[in-house]
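Read the structure below first, then the notes.
Numbering starts at 1 and runs along the sequence shown. This one's a predicted model, so the numbers in the text were calculated from it and none came from an experiment. Atom set for the values below is all heavy atoms of this structure, side chains included, hydrogens, waters and symmetry mates excluded.
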Amino acid sequence: MSTEVRVPTLGESVSEATVATWFKKPGDKVEADEMLCELETDKVTVEVPSPAAGTMGDIVAAEGETVGVDALLATIEEGAGEKGAPKSADKVPEKSAEKSSEKSGAKQVEKSSGAGGGSIDVMVPTLGESVSEATVSTWFKKPGDKVEADEMLCELETDKVSVEVPSPGAGTLSEILAAEGETVQAGGKLAVLSSGSDAGVAQATDDAPADGAQYQQPEPGGGDSDKEVEDAPSAKKAMAEAGLSPDQVTGTGRDGRIMKEDVAKAAKGDTDPAAKAPDAPKPAPAQRAPSAASDAEREERVKMTRLRQTIARRLKDSQNTAAMLTTYNEVDMTEIMALRSEYKDAFQKKHGVKLGFMSFFTKACVHALNEVPEVNAEIDGTEIVYKNFVHMGIAAGTPTGLVVPVIRDAHAMSFAQIEKSIGEMGAKARDGKLTMEEMQGGTFTISNGGVYGSLLSSPILNPPQSGILGMHKIQDRPMAIKGEVVIRPMMYLALSYDHRIVDGKGAVTFLVRVKEALEDPRRLLMDL
């Protein structure tokens with residue numbers, strides 16, 4: 001008896017998809033709900049689970065084909081049948097059995113050729129909704145290293161977050177299949193662990209000698225012309241210009257890799273008299289203009305991280321899509337600073353968190369958004385979507401780039417709840433622990449460039465949002481107050497907005513309401 005595997009519902013207004021990847025082939029055993037294939041639509045990636053346990057039958061829609069909703073993808077032969085197994089076994093030799101499971105979406109354990117031993121596949125974990133690929137950022141272990149269960153093996157980088165991959169079991173890391181910098185798909189195989197009595201033995205692969213030589217580190221100085229370790233491209237170029245061969249340079253990079261600094265050291269130490277003309281008098285050192293080659297040697301090319309690529313793409317899309325305009329104002333921070341100074345100790349004692357400026361600005365923005373709701377809305381085609389809630393995005397700078405965690409339902413939070421949420425999200429952002437869900441769904445954003453010393457700037461919208469408030473440095477300035485010049489702590493405020501939905505009057509009104517609420521915090525209590 002066979003069960004049909006069909007295209008699931010793809011979402012509203014989506015009628016077709018493309019078969020991206022099959023994780024099983026005819027003859028493979030499958031469990032109920034085990035992932036069979038992945039479909040790609042215009043907006044999301046859809047995983048297709050097995051509707052029943054059994055053996056993979058015929059695949060009707062191959063990779064790359066376009067299929068409609070409810071179209072037949074494949075069949076599953078139920079029960080203990082082994083349809084297609086003999087053919088599969090004929091085509092796949094035993095030593096390649098491990099590779100045949102490379103695209104499985106689950107962690108698999110296979111018996112190795114060693115007595116009582118086995119291998120464990122390290123797979124790419126679930127990366128988040130609509131995220132189908134990642135880049136291998138860092139390996140913390142190398143082949144031959146012993147690892148414990150749940151010990152971190154590597155780190156993957158997606159468009160927005162970093163994902164740590166723990167070891168699925170104890171053993172020895174025998175093979176790394178995805179090197180640093182490579183792009184991997186969700187459910188793909190990253191590495192292989194050896195477990196059991198032969199855990200310390202590195203497993204041979206089809207493309208590497210079985211004597212384990214691929215794991216031996218070459219000797220510094222590398223005199224072997226067919227060594228496995230690739231020297232740095234800049235080092236190869238420098239060696240060619242200096243007339244040096246690899247066996248004349250001692251490599252200090254990983255696994256004996258020759259770096260351009262090693263070439264420079266070798267060139268300085270090269271005092272071979274035969275290479276020079278000893279009888280000729282030394283001419284006076286001539287001033288030589290720096291060549292293009294010397295400039296190139298002093299440059300460093302680093303591939304953009306996926307996060308940085310996403311930031312660049314989204315910010316440019318924002319400029320190209322929205323009719324962005326910025327309006328400015330300034331706020332006297334005297335009252336806020338006095339209130340904070342008076343109550344900060346009592347606030348921290350009661351709530352266990354410091355009273356900062358961000359909770360005041362969040363409350364002031366929520367207050368202003370109630371009066372000017374179009375700043376909290378977004379455009380969807382030919383419709384305006386008004387949000388009767390405020391999910392406040394708080395932009396945060398991290399070592400890897402700018403991220404915007406979202407404080408959900410900020411309009412219903414107290415000062416203490418806002419400060420706690422901002423503290424928790426900020427810590428996650430710095431540690432790279434934010435999830436995709438924690439950075440999605442924002443309706444308005446606050447960006448504080450003042451922490452870096454910015455006096456005035458024009459923030460860029462975070463699409464599809466229609467407004468973003470820019471905070472800046474607090475600086476003492478002379479102000480005319482009731483006919484007298486006094487020194488006051490002042491801050492410039494900037495509101496960037498989408499002029500397609502927000503008129504100038506609404507933008508100015510919003511900023512004035514924020515200014516009034518901050519200069520007289522009692523207005524927040526009175527809802528004025």
Nearest-0.5 Å distance, CE of residue Met337 to CZ of residue Arg488: 12.0 Å
Nearest non-hydrogen partners of Ala416 and Phe347, listed with the distance: CA-CZ, 3.6 Å
Asp345 CG to Lys354 NZ distance, which is reported to the nearest 0.5 Å: 10.5 Å
Parallel, tilted or perpendicular: rings of Phe389 and His391 (30°, 60°): tilted
Sequence-distant partners of Ser457, side chain to side chain donor-acceptor pair (under 3.5 Å), two or more places apart: His472
Any side-chain heavy-atom pair of Phe357 and Leu518 under 4.5 Å: no
Whether over 12 other heavy atoms sit under 6.0 Å from Tyr492 OH: no
Any donor-acceptor N/O pair, Arg314 side chain to Pro463 backbone, under 3.5 Å: yes
OH (Tyr343) with more than 12 external heavy atoms under 6.0 Å: no
Residue pair Pro8 / Val48: nearest heavy atoms and the distance that separates them: CD-CG2, 4.0 Å
Any side-chain heavy-atom pair of Val122 and Leu193 under 4.5 Å: yes
Heavy-atom pair with the smallest gap, counting every atom of Leu153 and Pro168: CD1-CD, 4.5 Å
Side-chain (Glu519) to main-chain (Asp332) donor-acceptor, under 3.5 angstrom: yes
Within-4.5 Å side-chain heavy-atom neighbours: Val375 and Tyr497: no
Reported NZ-to-CG distance for the pair Lys363 and Leu524, which is rounded to 0.5 angstrom: 8.0 Å
Distance (rounded to the nearest 0.5 Å) between Asp431 CG and Glu164 CD: 9.5 Å
Evaluation steps, side-chain contact (heavy atoms from CB on, under 4.5 Å), between Ile422 and Ser359: CA-CA 9 Å; Ile422 291 175; Ser359 55; 5.7 Å; no
4.5 Å side-chain heavy-atom contact, Ser466 and Leu461: no
Steps toward side-chain contact (heavy atoms from CB on, under 4.5 Å) verdict (His351, Glu419): CA-CA 10 Å; His351 300 292; Glu419 291 291 354; over 6 Å; no
Rounded distance [0.5 Å steps], CD1 in Ile407 versus CD in Gln417: 11.0 Å
Residue pair Met491 / Phe361, side-chain heavy-atom distance below 4.5 Å: yes
Ser496 (side chain) donor-acceptor with Pro459 (main chain) under 3.5 angstrom: yes
Spacing of CG belonging to Asn462 relative to OG1 belonging to Thr443, to within rounding of 0.5 Å: 10.5 Å
Distance-minimising heavy-atom pair for Lys189 and Leu177: CD-CD1, 2.9 Å
Crowding at CG, Asn388 (>12 non-hydrogen neighbours, <6.0 Å): no
Modelled atom types, side-chain donor and acceptor of Thr445 and Gln465, under 3.5 Å: yes
Derivation of the side-chain contact (heavy atoms from CB on, under 4.5 Å) call for Met358 and Asn448: CA-CA 9 Å; Met358 289 304 299; Asn448 186 6; 4.3 Å; yes
side-chain contact (heavy atoms from CB on, under 4.5 Å) between Phe140 and Leu173, worked out: CA-CA 11 Å; Phe140 302 106; Leu173 184 61; over 6 Å; no
Donor-acceptor pair between Thr66 and Glu16 side chains, under 3.5 angstrom: no
Glu374 side chain reached by Ile384 side chain, heavy atoms, under 4.5 Å: no
With sequence neighbours excluded, residues passing side chain to side chain donor-acceptor pair (under 3.5 Å) with Asp317: none
Stacked cation flag Arg340 on Phe415, 6.0 angstrom / 45 deg: no
Cationic N near anionic O, under 4.0 Å, Asp498 to Arg500: yes
Distance-minimising heavy-atom pair for Ala17 and Leu39: CB-CB, 4.0 Å
Heavy-atom closest pair, residues Glu438 and Lys433: OE1-O, 4.2 Å
pair Ile379-Pro464: side-chain heavy atoms closer than 4.5 Å: no
Residue among Lys473, Lys515, Arg477 satisfying salt bridge (charged side-chain N to carboxylate O under 4.0 Å, His left out) with Glu330: Arg477
Side chains of Pro405 and Lys428 in contact at under 4.5 Å (non-hydrogen atoms): no
